[in-house]
Enquirer: 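Sharing a structure below in structure tokens format, with a few things to ask.
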Amino acid sequence: MTKNKINIIDIKNPKFLKKMSIKELEELSNDIRKFIINKVSVTGGHLSSNLGVVDLTIALHKVFDSPKDKFIFDVSHQCYTHKILTGRANKFDSLRKTNGLSGFQKRGESEYDSYEAGHSSTSLSAALGMALARDKNKEDYNVIAIIGDGSMGNGLSYEAINHIGSIDTKLIIILNDNEMSISKNVGAFHNHLDKIRASYKYNNSKSNTKKILNKIPLVGKKIEQGISNFKSSIKKLYLKEGFLFEELGLKYFGPINGHDYNELLMYLEMAKKETKPVIIHVITQKGKGYEYAENDIIGSWHGTGPFEIESGIRINKNDNLVTWSEVISNHLIELTKKNKKINVITPAMAGGSKLLKYKELYPNNFIDAGIAEEHALVLANGMSIEGLIPFVSIYSTFLQRGYDEVIHDICRMNTHVVLGIDRCGIVGEDGETHQGIYDLTFLLPIPNIVISTPKDSIEAGNLLYTAINNNKPFCIRYSKDKLKYEKKDYKMIKIGSWEKVTDGKDAVIISYGYLLNKALIVKELLKDKIDLSIINARFQKPIDEDMFKDILTSYKNIYIYEEQTIINSLGSYLVNYANMNNYKGNIKIFGIKDKFVLQGSKEEILKELELDEESISNKILENYDK
Ligand SMILES: Cc1ncc(C[n+]2csc(CCOP(=O)(O)OP(=O)(O)O)c2C)c(N)n1
């Protein structure tokens with residue numbers, strides 16, 4: 001053990017790193033890895049990506065002067081070491097909990113967090129914007145974007161590179177290449193990085209680099225000269241014509257070993273002295289320091305719930321239940337048996353969307369498009385036009401990226417594209433960047449679209465069967481929650497039809513998806529006071545006009561209970577419809593008010609939003625017109 005042993009919990013800011021030797025840095029890396037594994041095993045969180053960048057993040061904080069210098073972590077799911085080094089280690093027990101430490105960079109949380117994200121591939125554009133502002137303001141600091149190889153493959157990154165390469169602004173890009181997106185990375189850019197790694201004989205040249213580096217002092221006056229000698233040696237070793245970024249006008253350094261402090265510190269010092277955009281290609285190992293995560297190729301340790309460290313076994317609460325993603329995936333497997341026109345597309349979420357089994361069974365019907373939501377949607381549209389039936393599995397929050405494609409391509413051309421919208425509603429711990437509470441809001445106004453939300457596995461299968469057998473844009477929405485997987489012979493559901501789940505004479509609750517069960521609990525809670533009818537509005541578009549007109553004439557009190565922002569939700573659609581039909585009764589929407597919904601467990605969030613069953617019962621009592 002070195003004499004300057006650091007107690008992680010006591011770290012207030014990264015200044016202490018400046019004086020540390022490489023041996024001490026290595027020891028710190030080990031301690032931080034253990035700390036992250038311990039904390040995430042209890043709270044859950046992003047594990048592998050964080051373990052991979054411990055050394056890189058420490059090196060960044062040693063070489064640069066944050067918060068003056070700005071670090072922009074792409075997605076920012078890999079910022080745990082950054083949080084630890086900037087005085088937030090003592091908050092890790094509250095990671096991703098209500099009012100706790102965010103799993104992402106948050107400007108309000110620390111002056112060291114210069115940007116915020118949650119969705120991928122925003123770092124390069126943001127970094128360029130900040131660098132341009134710095135130049136205009138005649139200030140002098142470094143802007144450093146840290147982006148993974150998966151996120152680099154997204155269109156937004158290419159758009160930014162296109163701009164960055166054409167101007168001379170000082171900007172540093174760290175390409176953190178671990179060969180993985182969540183699971184194995186895909187695509188031509190990924191293949192290009194593969195070729196670089198191979199052609200520069202990374203493993204062999206690493207030892208050459210070491211030889212050069214060993215001759216250079218890491219501190220003191222001689223460093224300048226050392227770097228300059230090193231630079232020319234390195235150029236001979238690595239730089240070769242034809243590398244994509246060099247061709248696009250960025251200075252490229254690498255690839256370097258992201259777990260070797262000698263290399264990291266030297267290259268970062270070099271980059272700091274550049275006056276033009278540079279990119280440092282750093283090779284890291286995702287999951288480093290935790291064997292299960294190191295050996296993971298499907299991405300199951302990218303994000304994880306609580307687990308036992310020794311065995312790697314996850315601590316699952318609802319063990320006999322499966323996720324909605326799995327239910328949909330199982331139905332897709334069944335339906336593809338009989339209809340090979342079905343093709344499943346995922347924008348880099350095969351694991352999260354539980355499509356790995358589908359991929360194994362039907363490799364020719366499965367496409368991982370990479371982190372490329374817009375592309376995935378237009379790709380699906382092209383496939384549909386040529387007679388296939390694409391099913392795009394996409395998280396509600398990431399569908400936000402593909403809005404124009406849904407309007408301009410899919411719905412305008414009225415094609416047979418099925419959207420499986422995953423993680424609808426409150427998602428919980430990932431917080432405000434990931435809540436699925438806007439998809440209805442932005443999809444409802446689009447002509448031609450069918451939007452549905454099943455209440456259970458059987459209805460999900462039937463809706464999927466209906467979608468596959470109807471030549472139109474068809475969305476099936478489902479949440480992050482768990483349920484029982486059940487299947488019967490598939491049958492068509494009349495598009496737009498609702499279902500009366502239970503009858504009641506006094507008032508009606510219209511709901512769908514996850515909250516429908518809560519509506520049934522509300523009925524039970526209020527049974528001695530108000531006799532409630534519960535409607536499963538399984539289609540949010542088109543609505544069941546016959547049933548709704550009947551409701552308007554039969555009930556004086558109508559409540560719409562949903563997990564969407566109330567501005568343009570099913571509720572507002574229905575209130576408007578009721579108004580147009582001169583409804584004079586009491587109609588109320590219980591949904592999400594106009595504010596971003598923060599992190600926490602789903603049940604806590606629902607309570608906070610007054611959308612839990614008790615709050616709804618109280619609100620109905622308060623708003624009941626006798
Ligand atoms: C627009 C968008 N799509 C999908 C995701 C889900 N997602 C989070 S991290 C990640 C993988 C990122 O890979 P990479 O950039 O290589 O970083 P790594 O985790 O490997 O460090 C994905 C697909 C996202 N955050 N944003």
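Each residue takes its place number in the sequence, starting with 1. Every number for a ligand or one of its atoms is a count from 1 in the order of the listing. These figures come from a predicted structure and were not determined experimentally.
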Enquirer: Just jot down the ligand 1 atoms closer than 4.0 angstrom to any heavy atom of K286, in number order.
Expert: 18 (P), 19 (O), 20 (O)
Enquirer: Is it true that atom CG of D594 has more than 12 heavy atoms of other residues, nucleotides or ligands lying nearer than 6.0 Å?
Expert: no
Enquirer: H434 versus ligand 1: do any nitrogen or oxygen atoms come within less than 3.5 Å of each other?
Expert: no
Enquirer: If the plane angle is over 60° it's perpendicular, under 30° parallel, otherwise tilted; pick one for F398 and Y395.
Expert: parallel
Enquirer: Does a donor on one side chain and an acceptor on the other come within less than 3.5 Å for Q540 and T453?
Expert: yes
Enquirer: For G118, state whether at least one heavy atom is located under 4.0 Å from any atom of ligand 1.
Expert: yes
Enquirer: For atom 10 (C) of ligand 1, what's the nearest protein heavy-atom neighbour? Residue, atom name and distance, please.
Expert: I182 CG1, 3.6 Å
Enquirer: Looking at H77, which atoms of ligand 1 are within less than 4.0 Å of one of its heavy atoms?
Expert: 9 (S), 17 (O), 18 (P), 19 (O), 21 (O)
Enquirer: Please report whether the ring centroid of H281 lies less than 6.0 Å from that of F253.
Expert: no
Enquirer: Side chains of T304 and R314: donor-acceptor distance under 3.5 Å anywhere?
Expert: yes
Enquirer: Compare every heavy atom of Q105 with every heavy atom of S76, then report the nearest pair and how far apart it is.
Expert: OG-N, 3.0 Å
Enquirer: For M349, is the nearest heavy atom under 4.0 Å from an atom of ligand 1?
Expert: yes
Enquirer: For the ring pair H434 and F104, is the centre-to-centre distance below 6.0 Å?
Expert: yes
Enquirer: Assess H46 for proximity to ligand 1: is some non-hydrogen atom of it under 4.0 Å away?
Expert: no
Enquirer: Which of the numbered atoms in ligand 1 are under 4.0 angstrom from any heavy atom belonging to S49?
Expert: 18 (P), 19 (O), 21 (O)
Enquirer: Does only the side chain of I371 get under 4.0 Å from ligand 1, or the backbone, or both, or neither? Count heavy atoms.
Expert: side chain
Enquirer: Would you check the N or O atoms of G150, main chain and side chain alike, for any that come under 3.5 Å of an N or O of ligand 1?
Expert: yes
Enquirer: T323 and Y478: side-chain donor and acceptor closer than 3.5 Å?
Expert: no
Enquirer: Heavy-atom distances under 4.0 Å decide this one: backbone, side chain, both or neither, for E373 against ligand 1?
Expert: side chain
Enquirer: Around atom 26 (N) of ligand 1, find the nearest protein heavy atom and jot down its residue, atom name and distance.
Expert: S120 N, 2.9 Å
Enquirer: Out of G148, S48, S181, who is nearest to atom 13 (O) of ligand 1 when you count heavy atoms only?
Expert: S181
Enquirer: Does the gap between the ring centers of Y80 and F92 come in under 6.0 Å?
Expert: yes
Enquirer: Does even one non-hydrogen atom of R401 get within less than 4.0 Å of ligand 1?
Expert: yes
Enquirer: At what distance is the nearest protein heavy atom to atom 5 (C) of ligand 1, and which residue and atom is it?
Expert: F398 CZ, 3.2 Å
Enquirer: Of the side chain and backbone of N178, name the one, both, or neither that has a heavy atom under 4.0 Å from an atom of ligand 1.
Expert: side chain
Enquirer: Taking 4.0 angstrom as the limit and counting only heavy atoms of S151, give me the atoms of ligand 1 inside it, by number and element.
Expert: 12 (C), 14 (P), 15 (O)
Enquirer: Does a sphere of radius 6.0 Å around NZ in K184 hold more than 12 heavy atoms from other residues, nucleotides or ligands, not counting ones at 6.0 Å or beyond?
Expert: yes
Enquirer: V417 and S384: which non-hydrogen atoms are nearest, and at how many Å?
Expert: CG2-CB, 3.9 Å
